[in-house]
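FYI, the numbering just counts along the sequence from 1.
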Amino acid sequence: MMMISVIVPVYNIAEYLPRCLDSILKQTYHDLEIILIDDGSTDESGKICDAYEIKDHRVKVIHKENGGVSSARNIGLDIARGDYIGFVDGDDLLEERLFEILLKNAEKYQCDISCCQLATIDVDGTKKNIYDVKSQFFTQDYLIKHYFFDSFVKDTMYSQCNKIFKRTLIENIRYKQYKYGEDILFVFEALARSNGMFYDEYVGYYYLHRENSAMTTGFSVNRIDYISAIREIEKICYEKFPYATKQACQWVYQHTLICYRGLIINHLFDDFPETMKEYRGILKLNRDHCFMELPTKRKIDYILCMHFPKAYRWMGKK
């Protein structure tokens with residue numbers, strides 16, 4: 001039997017945590033090591049974790065001072081003993097055959113990463129599938145070539161939570177201490193070492209869609225961390241995957257412009273002078289081979305940001 005270590009970072013999600021943990025305990029595949037990392041919760045989340053440790057011998061709880069989701073996942077990686085590693089966010093929901101299917105595919109297709117379709121669930125319980133793509137094996141080259149602009153690949157690959165990873169693949173990879181974009185970077189680093197991924201059309205993982213989540217709120221200065229994370233991905237492409245450098249550069253260019261624009265229109269122009277200088281340099285340096293590939297809206301953003309930033313801020317353009 002292959003063991004799967006399931007790493008669950010927990011921080012102030014007492015309202016949703018029992019449902020999530022119940023969906024893990026009800027998995028049809030039983031050889032699980034369930035590692036709950038309480039990241040300094042100030043609500044009842046820590047006590048809920050302790051109760052589940054008493055309830056099921058497979059559950060192990062670590063309590064730590066608050067340090068962010070990256071530090072929590074890294075502690076889980078440090079102590080995980082499984083042959084495969086899976087990640088679950090403590091407010092999400094799993095279908096009961098998730099790990100059974102992911103492991104079956106990993107062994108059948110001898111792949112380093114096994115993946116299922118990720119869908120969303122609203123707080124009222126409404127579920128929504130995103131894609132209707134048939135099960136198939138994707139090579140590393142295909143995923144990297146399409147990682148930056150293909151909607152299906154982006155939505156499938158950017159999260160670690162709808163996957164299991166062979167432990168030997170990620171034993172030397174850890175999450176960087178970014179507040180945003182750390183998951184995208186982690187998955188890309190794993191992909192860069194992998195032999196490919198099997199994707200199963202089975203909808204096994206539901207991401208909770210909350211109005212106040214990091215994915216649904218407006219501009220945040222944490223986007224600066226996101227730019228740092230994706231620039232690391234761009235660097236990996238230049239070093240290992242030259243065929244993807246053009247797409248990676250264009251991707252970073254567009255997101256840098258969006259962040260630069262966000263800092264201006266949110267009146268943060270003077271709060272991050274070094275960041276603004278750095279982003280302006282990136283936008284100018286890569287203008288000749290990236291500007292023409294921008295959508296029309298982003299071309300307008302570029303002109304206003306680069307030539308009329310104060311007027312742009314005054315206009316409060318959205």
Peer 1: In terms of side-chain geometry, is the basic nitrogen of Glu33 or Arg81 positioned less than 4.0 Å from the acidic oxygen of its partner?
Peer 2: yes
Peer 1: Determine, for Lys235 against Glu232, whether the closest basic-nitrogen to carboxylate-oxygen distance falls under 4.0 angstrom.
Peer 2: no
Peer 1: Checking Arg287 against Phe291: charged group under 6.0 Å from the ring centre and within 45 degrees of the axis?
Peer 2: yes
Peer 1: If you count every heavy atom of other residues, nucleotides or ligands that lies below 6.0 Å from His307 atom NE2, does the total exceed 12?
Peer 2: yes
Peer 1: Step by step, would you call Leu94 with Tyr206 a side chain to side chain contact (heavy atoms under 4.5 Å, CB included)?
Peer 2: CA-CA 6 Å; Leu94 283 59; Tyr206 288 94; over 6 Å; no
Peer 1: Taking the ring of Tyr226 and the ring of Tyr180, is the distance between their centroids below 6.0 Å?
Peer 2: yes
Peer 1: Check Pro9 against Val69 and note the closest heavy-atom contact, atom names and distance.
Peer 2: CG-CG2, 3.7 Å
Peer 1: If you take all heavy atoms of Tyr11 and Asp39, which pair is closest and at what distance?
Peer 2: CD1-O, 3.2 Å
Peer 1: Are any of the side-chain nitrogens in Lys246 or Glu293 under 4.0 Å away from the carboxylate oxygens of its partner?
Peer 2: no
Peer 1: Measure the shortest side-chain to side-chain distance between Met197 and Ser114 over non-hydrogen atoms and say whether it is less than 4.5 angstrom.
Peer 2: no
Peer 1: Do the side chain of Asn105 and the main chain of Phe198 share a donor and acceptor less than 3.5 angstrom apart?
Peer 2: no
Peer 1: Show, in sequence, the C-alpha distance, side-chain angles and deciding distance for Asp31 and Arg58, and conclude whether the salt bridge (charged side-chain N to carboxylate O under 4.0 Å, His left out) test is met.
Peer 2: CA-CA 8 Å; Asp31 196 3; Arg58 296 174 298 172; over 6 Å; no
Peer 1: Between Asp183 and Arg73, is the closest basic N to carboxylate O distance under 4.0 Å?
Peer 2: no
Peer 1: Taking the six-membered ring for Trp and the full ring for Phe, Tyr or His, determine whether the centres of Phe138 and Tyr109 are under 6.0 Å apart.
Peer 2: no
Peer 1: Assess the side chains of Asp92 and Tyr205: does a donor N or O sit below 3.5 Å from an acceptor N or O?
Peer 2: yes
Peer 1: Would you call the rings of Trp251 and Tyr147 parallel, tilted or perpendicular if under 30° counts as parallel and over 60° as perpendicular?
Peer 2: perpendicular
Peer 1: List the atom of Tyr202, the atom of Glu96, and the distance in Å for their closest heavy-atom pair.
Peer 2: OH-N, 4.2 Å
Peer 1: With a 6.0 Å cut-off (strictly less than), is the heavy-atom count around NZ of Lys47, excluding the residue itself, greater than 12?
Peer 2: no
Peer 1: Above 12 or not: heavy atoms from other molecules or residues under 6.0 Å from NZ of Lys64?
Peer 2: yes
Peer 1: Show the nearest heavy-atom pair for residues Cys259 and Ile227, with the distance to one decimal.
Peer 2: CB-CG1, 3.9 Å
Peer 1: Verify whether one side chain among Glu182 and Ser70 offers a donor that lies under 3.5 Å from an acceptor in the other.
Peer 2: no
Peer 1: Should Asp141 and Lys145 count as an ion pair when the cut-off is N to O under 4.0 Å?
Peer 2: no
Peer 1: Hydrogens and angles aside, do Ser135 and Glu201 bring a side-chain donor and acceptor to less than 3.5 Å of each other?
Peer 2: yes
Peer 1: Run through Val6, Val8, Ile7 and flag the one making a side-chain contact (heavy atoms from CB on, under 4.5 Å) with Phe87.
Peer 2: Ile7
Peer 1: Would you check if there is a donor-acceptor pair between the side chains of Asp22 and Tyr52 at a distance under 3.5 Å?
Peer 2: yes
Peer 1: Look at the rings of Phe186 and Phe165 and say which category their plane angle falls in: under 30° parallel, 30 to 60° tilted, over 60° perpendicular.
Peer 2: perpendicular
Peer 1: Which side-chain hydrogen bond (donor to acceptor under 3.5 Å, both in side chains) pairs, counting each pair once, include a residue from residues 184-194, with sequence neighbours left out?
Peer 2: none
Peer 1: Can you tell whether the side chains of Lys166 and Glu107 come within less than 4.0 Å, N to carboxylate O?
Peer 2: no
Peer 1: Less than 4.0 Å between a side-chain N and a carboxylate O, is that true for Asp301 and Arg261?
Peer 2: yes
Peer 1: Do you know which two heavy atoms are closest between Cys290 and Cys249, and how far apart they sit?
Peer 2: SG-SG, 3.7 Å
